[in-house]
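A quick write-up on the structure given underneath.
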Amino acid sequence: MNIDLTHTHVNEVMQAQNALYNVIDPELFVNVVDLGLIYHIEFPPDDHIRVTMTLSTPHCPMGEAITTGVKNALEASFPGKVIDIQLTFDPPWSFERLTAEGRQQLGVK
Amino acid sequence: MADVNIAKAPANDAVLPFYATGALAFLALCVLLLVSPQSLQTHFFNPHLLSIVHTAALGWGTMVIFGAAHQLLPVICEQDLYSERMASFCWYTLTTGIALFVFSFWDMRTGWLMITGGALVVLSVLLFVINVLLTSRICTRYSVQKMLIVSSSLWLLFTVVVGLLLAVNLAFPFFTRSHLDILKLHAHAGIAGWFLQLITGVSAKLVPMFLLGKAGEEKWLKYACLFQNAGLLLFLADGYLNGVGDRSLLYGALILAGVLCWMRYLWTAYKSRLRKKVDVMMKHTAFSFCCLLIAFALLPWVLYAQGSRWAMLYGSFIFLGWITGIILGKSFKTLPFIVWNGHYKHLSGKVKVPLPKHLYNERMVEWQLPAFVVALFSLALALILDNLLLIRLSLVSWLIVALLYNINVFKTLLHKTKTLE
């Protein structure tokens with residue numbers, strides 16, 4: 001996920017990203033940010049946070065646990081906000097979405 | 001939340017009792033073998049061996065596969081399981097049916113007890129097939145994996161119905177064909193129809209997922225499905241009409257071609273895997289595939305060599321090598337995640353929680369693989385040498401494998417929720 005430093009909500013987006021580092025994919029043991037599962041984090045004018053994300057496999061058996069983890073982490077970091085998760089497989093997740101840290105944690109050369 | 005459906009995992013009581021019972025059946029299987037090792041030195045149609053084989057095929061293999069299938073059908077079909085209640089209910093009928101069946105075979109108590117056991121197994125399979133068909137019917141798209149799961153479940157139904165007829169025939173003879181010939185057809189419908197096609201379909205989905213590799217070209221999976229079914233259908237038709245004979249090798253070769261196509265499909269996932277280090281669970285799987293190929297290689301000896309030892313060796317590589325190997329490995333690729341989901345899904349992201357790999361003893365799974373390899377090859381050697389003492393010794397090592405597996409399965413199942421901070 002790339003963060004636009006000129007964005008109005010850059011601080012909130014970075015805070016959200018930091019919170020999501022605590023959400024671990026239970027199968028791969030890597031957090032959802034370094035796995036590249038998070039596509040966008042938006043702060044619309046209302047009390048919502050909109051997260052557009054994907055899963056490493058469509059209908060991943062741990063999908064519900066991962067999306068619940070994202071919701072829980074953001075609710076803890078932004079009390080009172082309503083978290084909307086938009087799950088998408090367009091574009092689908094691929095290995096190229098891993099960050100350098102994610103690659104290292106997975107042992108990928 | 002999302003406008004994309006992420007299939008929900010079924011409730012744990014549709015899955016976990018099958019794993020627990022399957023693990024206990026594996027232990028019971030090893031104990032029964034140890035109690036009656038001489039049954040491995042006689043003709044395969046003997047009461048103790050029939051009891052042992054049904055403990056392996058139904059109590060161990062089918063029981064664990066039912067549990068795993070209830071969990072994985074939503075993943076493969078990308079839809080929720082059609083009926084969790086039906087899935088939970090069939091545990092009761094399957095467990096009772098197998099218990100009656102195995103008990104009746106031990107002393108060859110033919111009659112209504114055995115027939116009732118068989119009928120309960122048929123009822124359980126019927127419920128399973130309905131669940132598979134109705135879950136896959138609502139699939140949004142066609143896939144060969146789905147077709148293999150459906151065909152395997154239909155082959156299972158065929159197998160258990162023929163099994164029930166065999167049980168009836170023992171008490172009230174009505175077959176116009178040889179009982180032993182029909183028994184061979186029944187056994188191979190189960191092996192090449194149920195187990196092979198189910199494992200082919202499920203592994204085609206799971207192996208690329210576990211290795212983080214690319215799925216192979218779908219044409220290989222289509223060929224696998226075609227050859228496996230064609231070989232089996234020809235074997236059954238010819239076997240029924242003309243008896244099991246020389247042409248069985250030809251049909252075996254067709255099924256083998258289907259197996260090789262399936263392995264070619266998986267090879268792509270292995271070659272393109274992101275995780276270069278292959279974990280011990282996947283090594284179990286790779287070893288189990290070798291056992292299947294060894295079983296195929298033994299077919300000429302089973303058909304033409306004198307005595308029963310080659311048939312015993314063939315059966316051992318199928319049930320104790322291939323099917324057991326794949327379950328020993330895949331159990332710890334699925335069960336800890338299922339249990340973890342029940343304990344921690346709602347806590348994820350709130351507090352630090354253990355990972356699924358912390359729910360079982362990883363070291364013990366590492367010991368399990370060499371123990372399993374030693375147990376299998378020592379039994380194979382003992383069978384080739386036809387030596388009762390060596391058979392007994394190898395069966396002790398099987399008991400050790402079963403204990404290691406059971407301790408770890410029940411450690412996972414009995415896990416209590418805890419946080420790390």
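Values below: all heavy atoms of this structure, side chains included; hydrogens, waters and symmetry mates excluded. Source: prediction; values computed, not measured.
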(message) So which atom in A:Asn72 and which in B:Leu347 form the shortest heavy-atom distance, rounded to 0.1 Å?
(response) ND2-C, 4.1 Å
(message) Between B:Ile338 and chain A, with a heavy-atom cut-off of 4.5 Å, which part of the residue counts as in contact: side chain, backbone, both or neither?
(response) neither
(request) Examine whether an atom of A:Glu27 lies under 4.5 Å from a heavy atom of chain B, and if so say whether it belongs to the side chain, the backbone or both; otherwise answer neither. (result) both
(message) Give me the atom names and distance for the closest heavy-atom approach of B:Asn341 to A:Met62.
(response) ND2-SD, 3.8 Å
(request) Any chance you could measure A:Lys71, atom NZ, to B:Lys350, atom NZ, to the nearest 0.5 Å? (result) 9.0 Å
(message) On a heavy-atom basis, which atom in B:Trp340 and which in A:Ala65 lie closest, and how many Å separate them?
(response) CZ3-CB, 3.5 Å
(request) Could you tell me whether A:Gln104 atom CD has more than 12 heavy atoms of other residues or ligands within 6.0 Å of it? (result) no
(request) Tell me, for A:Leu28 versus chain B, whether the close heavy atoms (under 4.5 Å) come from the side chain, the backbone, both or neither. (result) both
(message) Ignoring hydrogens, what is the shortest heavy-atom contact between B:Gly349 and A:Val23? Give both atom names and the distance.
(response) CA-CG2, 4.2 Å
(request) Mark yes when over 12 heavy atoms from residues, nucleotides or ligands other than A:Arg97 sit less than 6.0 Å from its CZ; otherwise mark no. (result) yes
(message) Restricting to non-hydrogen atoms, name the atom on B:Pro356 and the atom on A:Pro26 that form the minimum distance, rounded to 0.1 Å.
(response) CD-O, 3.4 Å
(message) At a 4.5 Å cut-off on heavy atoms, which part of B:Lys277 comes close to chain A: side chain, backbone, both, or neither?
(response) neither
